[in-house]
Trainee: 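A single structure is presented below for examination.
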Amino acid sequence: MSAEAARLVPVPIDLLAGDPVEVAPRLLNTLLVVGERVVRIVEVEAYRGREDPASHAYRGPTRRNGTMFGPPGRLYVYFTYGMHWCANVVCGPESVPGAVLLRAAAPEGGLEAMWAARPAARRERDLCSGPAKLCQALGLTGAFDGADLLAGDLGVRLCTDGTGPPAAAGNGPRIGISVAAEHPWRWWVPGDPNVSARSAGGAPAPEPL
DNA sequence: CTTTGGATCGTCT
DNA sequence: GACGATCCAAAGG
């Protein structure tokens with residue numbers, strides 16, 4: 001353990017216990033830790049439950065989405081497109097489905113392991129600049145579904161180093177969905193090179209629920 | 001830089 | 001049987 005890692009503390013559970021739309025922006029600049037690998041979350045999307053047609057939980061519990069209906073602070077990992085894993089932080093009160101998709105992160109530690117896990121990456125910003133890339137870089141698979149991010153029971157932790165979310169986070173529509181694309185439920189750290197496409201600019205345009 | 005199409009299979013209807 | 005909360009290589013400006 002490096003001296004840097006020792007300064008990290010688990011995120012408070014209160015931070016995760018609310019509605020995904022409130023929790024998501026608060027996760028910006030938190031740290032996801034898997035062994036030696038450390039990344040800083042720089043882009044997230046909120047997925048709600050019954051009221052959100054784009055959410056896996058929209059049609060109720062299934063074999064895949066069970067973790068979304070569990071307590072907050074767990075990792076929901078799902079398989080998609082026949083080859084990719086994506087990770088979410090479960091939030092909301094227990095039994096009320098909701099989660100925050102981790103879309104992109106900035107590599108901060110254990111870079112060698114990430115390069116090894118992502119042979120297709122050419123530049124550092126290719127390591128974690130997407131939900132499936134992030135999982136590949138960190139080695140997150142279905143084996144980690146349901147992991148307790150605060151207790152670190154499966155070796156994955158969500159921590160903070162005291163850096164709060166940006167004063168003015170970027171905000172816009174979610175990516176890659178075919179329904180409910182009108183809600184601006186994606187947030188990012190303005191100017192970070194790991195953020196998807198040209199989400200540049202730091203113009204926050206928060207639209208109330 | 002942007003656009004396009006293929007890969008690949010678990011999950012739910 | 002259809003469709004993904006995606007990525008990548010290849011091709012065109």
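Worth saying up front: this structure is predicted, and the values here are computed from it rather than measured. Per chain, numbering begins at 1; letters A, B, ... match sequence-line order.
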Trainee: Atom CE of A:M68 to atom P of B:dC12: distance rounded to whole Å?
Mentor: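 Whole-Å distance recorded here is 13 Å.
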
Trainee: Nearest 0.5 Å please: distance from the CG atom of A:L16 over to the CG atom of A:L158.
Mentor: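 Result: 6.5 Å between the selected atoms.
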
Trainee: From CH2 of A:W187 over to C1' of C:dA5, roughly how many Å is that when rounded to an integer?
Mentor: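 Distance check: A:W187 CH2 to C:dA5 C1' gives 14 Å.
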
Trainee: Base of B:dA7, side chain of A:Y81 - is there a donor-acceptor contact under 3.5 Å?
Mentor: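 A donor-acceptor contact between them is absent.
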
Trainee: For DNA chain C, whose closest nucleotide is more 5', that of A:G130 or that of A:S178?
Mentor: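 Counting from the 5' end, the first nearest nucleotide belongs to A:S178.
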
Trainee: Kindly compute the distance separating CG (A:N194) from CZ (A:R103), expressed to the nearest 0.5 Å.
Mentor: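 Atom-to-atom, A:N194:CG and A:R103:CZ are 13.0 Å apart.
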
Trainee: Would you classify A:R118 as touching base, sugar-phosphate or nothing, given that sugar-phosphate means primed atoms plus P, OP1 and OP2, and contacts are heavy atoms under 4.0 Å?
Mentor: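 A:R118: backbone/sugar contact only, no base atoms under 4.0 Å.
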
Trainee: Under 4.0 Å between a side-chain N/O of A:R103 and OP1 or OP2 of C:dT6, yes or no?
Mentor: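 True: A:R103 side-chain N/O within range (under 4.0 Å) of C:dT6 OP1/OP2.
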
Trainee: With a 4.0 Å cut-off on heavy atoms, is A:I177 in touch with a base, just the backbone sugar-phosphate, or nothing at all?
Mentor: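 Sugar-phosphate, no base atom in range.
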
Trainee: Between A:R174 (side chain only) and A:E182 (backbone N and O only), is there a donor and an acceptor less than 3.5 Å apart?
Mentor: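 No: the side chain of A:R174 does not pair with the backbone of A:E182.
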
Trainee: Report the distance from atom CZ of A:R122 to atom C1' of C:dA9, rounded to the nearest whole Å.
Mentor: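 After rounding, the reported distance stands at 10 Å.
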
Trainee: What is the distance, rounded to the nearest whole Å, between atom CZ of A:F79 and atom C1' of B:dA7?
Mentor: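 Atom-to-atom, A:F79 to B:dA7, this comes out as 11 Å.
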
Trainee: Which one, C:dC7, B:dC12, C:dG4, comes nearest to the side chain of A:T80?
Mentor: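 Of the options given, the side chain of A:T80 lies nearest C:dG4.
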
Trainee: If the test is side-chain contact (heavy atoms from CB on, under 4.5 Å), which one of A:N65, A:V77, A:L154, A:L75 qualifies with A:D145?
Mentor: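 By the side-chain contact (heavy atoms from CB on, under 4.5 Å) criterion, A:D145 pairs with just one of A:N65, A:V77, A:L154, A:L75: A:V77.
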
Trainee: The side chain of A:A132 lies closest to which of these nucleotides: C:dT6, B:dT11, C:dC8?
Mentor: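 The closest nucleotide is C:dT6.
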
Trainee: Is A:Y47 stacked against the base of C:dA5, taking the criterion as centroid distance under 5.5 angstrom and interplanar angle under 30°?
Mentor: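 Stacked: ring centres under 5.5 Å, planes under 30°.
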
Trainee: What base-paired stems does DNA chain B take part in, with at least 3 consecutive Watson-Crick or G-U wobble pairs and both distances under 3.5 Å?
Mentor: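 Stems (3+ consecutive pairs) listed as B:1-7 with C:6-12, B:9-12 with C:1-4.
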
Trainee: Looking at C:dA5, B:dC12, C:dC8, which one has an atom nearest to any side-chain atom of A:A120?
Mentor: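 Out of C:dA5, B:dC12, C:dC8, the nucleotide with an atom closest to A:A120's side chain is C:dC8.
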
Trainee: Please give, in whole Å, the distance from C:dC8 P to A:M83 CE?
Mentor: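 Interatomic distance, CE of A:M83 to P of C:dC8: 11 Å.
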
Trainee: Can you tell me the distance, in whole Å, between the CZ atom of A:R123 and the P atom of C:dC8?
Mentor: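 From A:R123 CZ to C:dC8 P: 11 Å.
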
Trainee: Cation-pi check, A:R64 to A:Y76: give yes when NZ or CZ is under 6.0 Å from the six-membered ring centre and within 45° of the ring axis, no otherwise.
Mentor: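 The answer is no, since A:R64 fails at least one limit relative to A:Y76.
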
Trainee: Does A:S55 use its side chain to pair, donor to acceptor, with the backbone of A:R48 at less than 3.5 Å?
Mentor: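 Looks like yes, one N/O pair under 3.5 Å.
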
Trainee: Report the distance from atom CG of A:N65 to atom C1' of B:dC12, rounded to the nearest whole Å.
Mentor: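 Answer to the nearest Å: 11 Å.
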
Trainee: With heavy atoms under 4.0 Å as the rule, sort A:R174 into base, sugar-phosphate or nothing.
Mentor: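 Nothing, no heavy atom under 4.0 Å.
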
Trainee: Counting only heavy atoms not in A:F79 (residues, nucleotides, ligands), do more than 12 fall under 6.0 Å from its CZ?
Mentor: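 Yes, CZ of A:F79 has more than 12 neighbouring heavy atoms, counting only those of other groups under 6.0 Å.
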
Trainee: Separation of A:Y58 atom OH from C:dA5 atom P, in whole Å?
Mentor: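 Answer to the nearest Å: 14 Å.
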
Trainee: Surrounding CD of A:E112 (heavy atoms of other residues, nucleotides or ligands, distance under 6.0 Å), is the total greater than 12?
Mentor: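 No, the 6.0 Å shell around CD holds no more than 12 heavy atoms from other groups.
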
